[in-house]
Amino acid sequence: MSYNTVEINLAALKDNFLAIQNRVGTGVDVLAMVKSDGYGHGLVPVVKALCQAGGRCFGVAEIGEGITLRDAGVAAEIVVLLGSDHCQEIINYNLSPVVFDLDNLACLSKAAEKKGQKVGVHLKVDVGMGRLGIMPNQVVDFLKVCDDLPGVYLAGIMSHFPMADDAASSEKTSAQCRSFLDLAGEEQNRHIANSAAIISYPDSYLNMVRPGISLYGYYPADSQEARQQLDLTPVMSFKTRVIQLKDVPSGAGISYGHLFVTKRSTRLAVLPVGYADGYLRGLTGHAHVLIRGKRAPVCGRICMNACLVDVTDIPEVQVNDQVVLMGSQTSNDLNRALQTISGDEIAGWLDTISYEVLCLFGNNNDRVYV
Ligand SMILES: *Cc1c(COP(=O)(O)O)cnc(C)c1O
């Protein structure tokens, strides 16, 4: 029980999935990335909703997330990005590891053979990300090993783009895509496209695409063009309530360090949300919230479990009013205008990206599914 709730709109999630599937075409499989607790949206509910929308393949970061999904009764393919050394769990739970290490491959083959099975692996190649994956000149050897090992088969060959969201680097992205195509034949299940590539590089769809952030309704780089390519709806909102209203005179210091001093008689709303809830102290001096469909500035330092909002210009505010920290709210007056604070706007205040904001709010608060 908390005043603060993260609201997850599963209908929007399904719509985003269908928009992506529609864009790439039915001949291309969608490997839905649900790592980090579904980007903060809740692993199991997200996967169950995506299954209803037609999802058949999911990507997690670690083994534990894969086991959670199996325990929840998910039968779909589960690709594990980091964890190919957990041979026994991979076989026991029928997970599909991303591989980049010969010893792991041998271990996986042995464990699978013992059970009279074959484990499907996705071979990761580094064509410019400079992160996980074998180098291009190792691919031939790895493919031969996969072929030779009796307990292993190649379920996919994959790579990852470092800057597909940056239009100025499109030459680089195209070159990386070409290097990848040179490494893997058409007979293989090839996949490289993240959300940014789904929006900007149709040539990179190949057999399968791996959307993450776009499933949750955000653009890797928001722009008019991106919105025209793919119509997405944010899935997460973050809400709290007003727990106290108080009037303070002009010249009053507000919150720790008196960073903020009122310049007029001010009505403050106290909100029971702070950096322990993911509403980071770094938002101090930047953040706005929505109350009664209007924007109000957060003033003074954000505390561990509280912050303060100047509602002098919204005299109709009452104790217990809903406050939207991220999401949309409609005003009660005649024009019923819709106001929105997006994850991108909050990311801008924090000098980060929407991905981090979603994890921050989603993984630190009670979630409700609507
Ligand atoms: C997280 C991840 C994705 C999804 O990236 P988005 O930018 O969120 O679409 C795709 N592939 C890999 C390997 C990833 O780790």
Side-chain angles (χ1 to χ4, degrees), residues 13 16-17 19-21 23-24 28-41 43 46-47 50 55 57-63 65-66 77-84 95-100 121-134 155-167 169 173 176-177 180 184 189-202 204-223 226-227 229-230 232-236 343-344 347 352-360 362-363:
L13 177 73
N16 294 336
F17 176 89
I20 292 162
Q21 182 73 73
R23 173 160 177 81
V24 300
V28 176
D29 286 329
V30 175
L31 166 44
M33 301 309 291
V34 295
K35 63 198 184 201
S36 301
D37 218 0
Y39 285 46
H41 295 65
L43 179 63
V46 160
V47 168
L50 291 176
C57 190
F58 298 94
V60 297
E62 294 208 41
I63 295 288
E65 300 171 296
E77 181 179 2
I78 300 173
V79 176
V80 182
L81 296 174
L82 316 166
S84 58
L95 306 173
S96 306
V98 169
V99 294
F100 45 85
V121 300
H122 293 255
L123 179 62
K124 188 154 192 186
V125 192
D126 178 6
V127 294
M129 177 71 182
R131 199 173 66 178
L132 197 65
I134 62 171
I157 178 162
M158 64 186 284
S159 193
H160 195 42
F161 285 128
M163 47 215 305
D165 57 333
D166 177 14
S169 305
T173 299
Q176 281 154 357
C177 194
F180 179 60
N189 172 33
R190 301 177 293 185
H191 50 103
I192 187 168
N194 53 7
S195 296
I198 290 168
I199 291 164
S200 305
Y201 299 90
S204 72
Y205 296 168
L206 311 177
N207 308 86
M208 187 180 247
V209 294
R210 299 192 308 266
I213 196 72
S214 50
L215 287 170
Y216 309 100
Y218 282 92
Y219 297 85
D222 199 0
S223 69
R227 282 169 185 267
Q229 299 301 325
L230 193 60
L232 302 172
T233 309
V235 174
M236 182 188 292
D344 283 319
T352 182
I353 53 177
S354 61
Y355 299 63
E356 191 176 0
V357 172
L358 298 181
C359 290
L360 198 56
N363 290 328

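In listed order, ligands and their atoms are each counted from 1. These numbers come from a predicted model, not from an experiment.
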For residues 352-360, tabulate all N or O donor-acceptor pairs below 3.5 Å that involve a side-chain atom, not counting sequence neighbours.
residue: T352; atom: OG1; partner: E356; partner atom: OE1; Å: 2.3

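Put simply, the side chain of Y219 gets close to the backbone of L230: a donor and an acceptor are under 3.5 Å apart. A donor-acceptor pair is defined here as one N or O able to donate and one able to accept, closer than 3.5 Å; such a pair exists between the side chain of N207 and the backbone of R190. The main-chain N or O of G83 is never found under 3.5 Å from a side-chain atom of E62 such that the two would form a donor-acceptor pair. Between the N189 side chain and the A155 main chain, a donor and an acceptor come within less than 3.5 Å of each other. Proximity of a side-chain donor or acceptor of S214 to a complementary backbone N or O of P211 within less than 3.5 Å is not detected. Distance alone, capped at 3.5 Å, is enough to place a donor-acceptor pair between the Y218 side chain and the G343 backbone. At least one donor-acceptor pair under 3.5 Å links the side chain of R23 to the backbone N or O of I199.
Numbered from 1 in the order shown, with element, the atoms of ligand 1 that lie under 4.0 Å from a heavy atom of R210 read 3 (C), 4 (C), 9 (O), 10 (C), 11 (N), 12 (C), 13 (C). Interface of K35 with ligand 1, defined as ligand atoms under 4.0 Å from a residue heavy atom, comprises 1 (C), 2 (C), 3 (C), 14 (C), 15 (O). Remark: ligand 1 atoms within the under-4.0 Å shell around heavy atoms of K124 are 13 (C). Taking a cut-off of under 4.0 Å to the non-hydrogen atoms of Y355, the atoms of ligand 1 that pass are 6 (P), 7 (O), 8 (O). Atoms of ligand 1 lying under 4.0 Å from at least one heavy atom of R131, given by number and element, are 15 (O). Close contacts between ligand 1 and N194 involve ligand atoms 5 (O), 9 (O) [criterion: under 4.0 Å to a heavy atom]. Short contacts between ligand 1 and I213, defined as distances under 4.0 Å to a heavy atom of the residue, involve ligand atoms 6 (P), 8 (O), 9 (O).
Shortest contact from atom 12 (C) of ligand 1 to any protein heavy atom: H160 CE1, 3.4 Å. In terms of protein heavy-atom proximity, atom 9 (O) of ligand 1 is closest to S195 OG, 2.5 Å.
Distances between N or O atoms of P211 and those of ligand 1 include no value under 3.5 Å.
The salt bridge (Lys or Arg N to Asp or Glu O under 4.0 Å) test applied to D37 returns R367, not counting sequence neighbours.
At a 4.0 Å heavy-atom cut-off, ligand 1 does not touch M129 at all. Contact annotation: for H191 versus ligand 1, there are no heavy atoms closer than 4.0 Å. At a heavy-atom distance under 4.0 Å, no atom of I198 approaches ligand 1.
For atom 5 (O) of ligand 1, the candidate residues are Y39, F161, Y219; the nearest heavy-atom contact is made by Y39.
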